Amino acid sequence: MAARLGRIDVPPLSREFVEQGRFLYLSDFLSADVTAQLIAAVAAVKAEVNRNYLPGHKQGGSVSRHTLDQLAPFIAELYRSPALIGWLSELSDERLQVSPADDPHAYALYFYTRPGDHIGWHYDTSYYAGRRYTLLLGVIDESSCRLDYELHTREKGVATVSGSVQIPPGGLVFFDGDRLRHRISPLGAGEVRVSLTFEYLTDPKMHFGWRLISNMKDAFGYFGFRQVFRRGAPGGTKRGPGRGPERV
Ligand SMILES: [Fe+2]
């Protein structure tokens, strides 16, 4: 990872990132070896996908960090990679930090496997004291799904710019969650798409009330109550791989 990142000239990308309202897309980012390990991780957690459906907003499956820690530790290693965090910090000119241990979004796989799976227009809102950055990595894409986005929507006096990209395996999207309005368009019949997201923060402190709101959102919208709340309190029950959330 360090060797690959060392070969990338960061300043031009950093300028592009700023010009695009703190958003960057690269179609070819990960090495083939890392992408292959992510594809293997998808196979390892397939039986643990939590399906969710919020009418009019989203439909799909997800696997939170807690399950990835048990079944696909390579993803946790990649998330914590000092080379990766250092590179993203340089790119964004921020001191990025990993998310707290109880945040199921810190790293998660998102599965689009049934026709119509999608997520509607939204921001990746930060419930933390600092900014929340999303790193989205393509893992499997045998689909017509697109990441549609709008830049500069919250910048006064700047015209909104619309765009749309497909994220191939090994591709990257990196953005400030509160600035990029985005969606994933619906999956077609016979298609499949799996993406990985990492969440990094500039300040991981969070007000108690916000943590509760954030957890409820995650429980309903993403990972299910068992994954979100099982580590919420000291002494919470640890769940083995055999007693997972609802299966796909
Ligand atoms: Fe998002």
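Indexing begins at 1, ligand by ligand and atom by atom, following the structure's order. Bear in mind the structure is a predicted one, so any value in this text is a computation, not a measurement.
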Derivation and outcome, side-chain hydrogen bond (donor to acceptor under 3.5 Å, both in side chains), residues E199 and S99: CA-CA 7 Å; E199 174 191 271; S99 304; 2.8 Å; yes
Within 6.0 angstrom of D9 CG, more than 12 heavy atoms from elsewhere: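 Yes, because the 6.0 Å sphere around CG of D9 holds more than 12 heavy atoms from other groups.
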Cation-aromatic face contact R95/Y200, 6.0 Å, 45 degrees: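 Output no; distance or angle outside limits.
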Electrostatic pair D117-R51, nearest N-O below 4.0 angstrom: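 Answer for the salt bridge query: yes.
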D124 and R183 ion-paired at < 4.0 Å: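 Not counted as a salt bridge, because no side-chain N and carboxylate O are separated by less than 4.0 Å.
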Protein N, O or S within less than 2.8 Å of the Fe ion (ligand 1), waters excluded: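 Hits for the Fe ion (ligand 1) below 2.8 Å: H122 NE2, D124 OD1, H182 NE2.
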Residues S31 and D33: side-chain donor-acceptor under 3.5 angstrom: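 Per modelled atom types, S31 and D33 side chains form no pair under 3.5 Å.
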